[in-house]
Amino acid sequence: MPREILFLNTMTRRMETFHPLEPGHVRMYTCGPTVYNFVHIGNLRTFLFEDILRRTLQAFGYRVTQVMNLTDIDDKTIKGAASEGVSLREFTDRYIAAFFQDIDTLHVERAEHYPRATDFIKQQVELVQKLTDRGHTYVQDGSTYFRIATFGAYGKLSGIDVNQVKAGARVDADEYEKEDVRDFVLWKASKPGEPGWETPLGLGRPGWHLECSAMGMTLLGESFDIHTGAVDNIFPHHENEIAQSEGATGKPFVHTWLHAEHLIVEGQKMAKSAGNFFTLRDLLERGHDPLAIRYLLISVPYRQKLNFTFDGLHAAAAGVERIGNTMRRLAHTPPAAGDGALPVSEVASFTEEFDGGLADDLNTARALGAVHTLLTKVNQALDSGGISVEARARVDSALRRVDATLGIVPKAEPVAGSDAEIDGLIAERTAARSARDFARADAIRKALTERGVVLEDTPHGTVWHLTK
RNA sequence: GGUGACGUAGCCAAGUGGUAAGGCAGGGGCCUGCAAAGCCCUCAUUCGGCGGUUCGAAUCCGCCCGUCACCUCCA
C-alpha cells in the first residue's frame, strides 16, 4: 500500500486524503510550456513543483503516469515563427529542445508523455464534434465557440460568477465575434497567412484550451486523478477545460486540481519592463549553481508566493553546500567500532518528519527543516563517538530518499586517487607540514586554491574538493 | 465593483489551542601550525494592531491597518 498523502484540492478548497481512481496508479496532467521562448524562473517554479509531486508520489509507492503538454500553436508561437520567417514546426522545435535542456539542468525527471498540440489536431477536432453533438457549440464567422450557458457547472473550479464576469470592467472586445463575451473559442478560423488545418470544422486551428482536454483524455482517460498548473490557469484555462471535457463526456474530468502560486522577484512582480525577468540561462551566465537554483525554487511550499532574491539564492547555495560537506565528512570518516554516537532512532525520526512534511500537501519547507536537523545530528556524532556501520547505512538511505524526492543532494565529490597531480601535491604538502615547513605547505595550498581545489586537514588525512 | 490569499527575528521559513522548528546572515568560543569543514553559545517573553472567547491563542472570533493575486495575454 502506498503511503497516504494530503492535497489541498482547488476544486473543493479543502485538504483531502488522496485516492487515485486506480489504486496505486496516479494519472496526472501537468501544464507545460508554450514554446515561443526560453522558460523563465517562474515557469520553472511550477515545473519543479510538478517534479516534486511526481517524485513524492513515486517515493510513496505509487506508479505515476504523467503527461506534460507542449503548446506549440498559439498567437505567440505563430507570431514568433512569422517574424523569423521559419515554419511553426522549426520555430517551436528550437524552444522545445531548449526546454528539455533547461529541465535537465535542474534535474527535473522526465514525464511519460510530452504531447505537442499540433500532433493531436485530429483528437481535438473530434472533441469539438462531440461537443457539437451535445449542443454545446455554435459557429460564427468560421470559428466554433463553446456556449457556456449550456454548461451549468461553469465556474465551479474558480468560483467565478459568470454574471459578475459579464458585468466586470475588464472584458475586452475580442477580435473574434462571440455571441456572449463569456463564451470561448474552440476552433479558430485561420486568418490569411496563419497556419491552419483543413478539417470538418473548416480551415483553422485549435483554441488555447482545447489541446489540454484532448491530449489529457487521449493519454490518461476521460477521467483522471490530478491536474496541475499555476494559479493564473485556474481561470479561464482550467475552467474551460472542465467545461469542454465534461460537456463532451458527461463524466467528471479531473478529481484533484493543484495550483502553484507565482513567484515574485526581489519583492516585485517579475516583468521584462521591470528589469527583473530571469531565465535559467540568465542565472547560469551569472555563475549560479543549478542545484542552488533548484533548492531555492522548491524551498517554499508551492501554494505560497516565493520571493526570488539573490540573497535567497546565496542562502540556497549554502544549504546545498552544507549537505555536500556533511556527505564528504561521512565519506572520509571511518565507521565507529561500536554503537557510535548516532542512534538509528534519530534517523527514523528524521524519516517520519521528512515524509510527514511531504505527505502534508508537499510541505517542502518542513521537509528541508528535517534534512538540516539530521545533518546537525550527523555532524555532532562525527565530532563525538562516530557513526556505526548500521547507522551509516541508514543515513545513506535517508539521503538517497531526500535526493529521490527533492533532488537537492550534490553529486559525490572527487576522491583520493582520482587526480594524480593533486594527490602528489597533497603528499608534498603533508611532508612539508611534518617537517613544520609551513611556508612551503601554505604555498602548495594556495596554489591549489587558485585552481579551485580546497584542502581540508582532517584527523583521517587531508581531503580535497572543488570550489563551486 | 466581484472573488481569494497573505502579514512569525536582518532575510527565507515551520508551526492551525498548550506555552515560538530549521536555514542564511551577524556576534562570541572550541578545534587547527594557520586554514577549511564541523561543533558549542548567542540572535523573537513574542508572532501587523486593537478587542473578544478560553485555565491557556501565533493558532479560534470581530474590527482595523498593510501587502498581494485573479476577474479571458500570463507558469
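Chain identifiers are assigned alphabetically (A, B, ...) following the order of the sequence lines, protein sequences preceding nucleic acid strands; residue numbering begins at 1 within each chain.
Base pairing of B/rC73: no nucleotide in any strand meets the Watson-Crick or G-U wobble criterion (both distances under 3.5 Å). For B/rU45, there is no paired nucleotide, since no Watson-Crick or G-U wobble pair has both relevant distances below 3.5 Å. Nucleotide B/rC60 is matched to B/rG52 when pairs are restricted to Watson-Crick or G-U wobble geometry with both distances under 3.5 angstrom. B/rC68: Watson-Crick or G-U partner is B/rG4, with both key distances under 3.5 Å. In this structure, B/rC24 and B/rG10 make a Watson-Crick or G-U wobble pair, each of the two defining distances being under 3.5 angstrom. Here B/rC34 sits opposite no nucleotide as a Watson-Crick or G-U wobble pair (both hydrogen-bonding atom distances under 3.5 Å). Applying the Watson-Crick and G-U wobble criteria (two distances, each under 3.5 Å), B/rC39 pairs with B/rG29.
Spacing between atom CG of A/D232 and atom P of B/rC68 amounts to 18 Å, rounded to whole angstrom units. Rounding to whole angstrom units, CG of residue A/L6 and C1' of B/rU16 are separated by 14 Å. Protein atom CD of A/E261 is 7 Å distant from nucleotide atom C1' of B/rA5, rounded to whole Å. Separating the CG atom of A/D311 from the C1' atom of B/rA13 is a distance of 15 Å, rounded to the nearest angstrom. Here the C1' atom of nucleotide B/rU67 and the NZ atom of A/K269 are 15 Å apart, to the nearest Å. Atom P of nucleotide B/rC74 and atom CG of A/N276 are separated by 20 Å, given to the nearest angstrom. We find that CZ of A/F278 is positioned 18 Å from P of B/rA75, with the value rounded to whole Å. Across the protein-nucleic acid pair, A/I298 atom CD1 and B/rG23 atom P stand 17 Å apart, rounded to whole Å.
Here, B/rC63 and B/rA5 have their P atoms 15 Å apart, quoted to the whole Å. Straight-line distance between the P atoms of B/rC64 and B/rG23: roughly 40 Å, to the nearest whole Å. Separation of the P atoms belonging to B/rC31 and B/rC47 is 40 Å when rounded to the nearest angstrom. B/rG27 and B/rU67: their C1' atoms are spaced 33 Å apart (whole Å). B/rC11 sits 15 Å from B/rU45 when the P atoms are compared, rounded to a whole Å. Remark: the separation of the C1' atoms in B/rG18 and B/rU54 is 12 Å, to the nearest Å. A distance of about 11 Å separates the C1' atoms of B/rA44 and B/rA58, rounded to the whole Å. Comparing B/rC68 with B/rG15, their P atoms are spaced 25 Å from each other, to the whole Å.
For the side-chain contact (heavy atoms from CB on, under 4.5 Å) with A/H107, the lone residue among A/D403, A/L291, A/I408 that qualifies is A/L291. For the pairing with A/S213, the side chain to side chain donor-acceptor pair (under 3.5 Å) check across A/E241, A/Q244, A/E246 returns one residue only, A/Q244.
Residue order along RNA chain B, read from the 5' end via each residue's closest nucleotide, puts A/V231 first among A/V231 and A/L263. Between A/Q304 and A/S158, the one whose closest nucleotide on RNA chain B sits nearer the 5' end is A/S158.
Proximity note for A/F184 (side chain, C-beta onward) versus B/rA13, B/rA75, B/rU72: the nearest is B/rU72. When distances are taken from the side chain of A/A315 to each of B/rG4, B/rA13, B/rC24, the shortest belongs to B/rC24. In this structure, the nucleotide among B/rG15, B/rA13, B/rG22 sitting nearest to the side chain of A/H372 is B/rG22. Set against B/rC24, B/rA13, B/rC70, the side chain of A/V300 has B/rA13 as its closest nucleotide.
Side-chain nitrogen and oxygen atoms of A/N363 include at least one within less than 4.0 Å of the OP1 or OP2 phosphate oxygen of B/rG15. Here A/Q268 does not reach the OP1 or OP2 of B/rC68: none of its side-chain N or O atoms lies under 4.0 Å away.
A donor atom on one side chain and an acceptor atom on the other are not found under 3.5 Å apart for A/T105 and A/D102. Residues A/N233 and A/H259 have side chains that never bring a donor and an acceptor to within less than 3.5 angstrom of each other. For the residue pair A/D361 / A/Y302, a side-chain donor-acceptor distance below 3.5 Å is found, with atom types taken as modelled. A donor-acceptor contact closer than 3.5 angstrom links the side chains of A/D74 and A/T77.
Stacking of A/H262 onto the six-membered ring of B/rA75 is present: less than 5.5 angstrom between centres, less than 30° between planes.
A/H237 comes within 4.0 angstrom of no nucleic acid atom, judged by non-hydrogen atoms across all strands. Within 4.0 Å (heavy atoms only), A/A318 reaches sugar-phosphate atoms of the nucleic acid but no base atom. Counting non-hydrogen atoms under 4.0 angstrom, A/P33 reaches nothing in the nucleic acid. Residue A/G319 is classed as having no contact, given no heavy-atom separation below 4.0 Å to the nucleic acid.
Note on ring orientation: taking the six-membered ring where Trp is involved, the planes of A/F278 and A/F308 are tilted (angle from 30° to 60°). Ring geometry, A/W208 versus A/H237: the interplanar angle falls under 30°, so the pair is classed parallel (tilted spans 30 to 60°).
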Item to check | Under 4.0 Å protein heavy-atom contact, by nucleotide of nucleotides 31-42 of chain B - B base, S sugar-phosphate only | outcome: --BBBBSSSS--

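For A/T144, there are no side-chain hydrogen bond (donor to acceptor under 3.5 Å, both in side chains) partners two or more places apart in sequence or in a different chain.
The salt bridge (charged side-chain N to carboxylate O under 4.0 Å, His left out) analysis of residues 427-438 of chain A, with sequence neighbours excluded, yields the pairs A/E428-A/R440, A/R429-A/D457, A/R433-A/D457.
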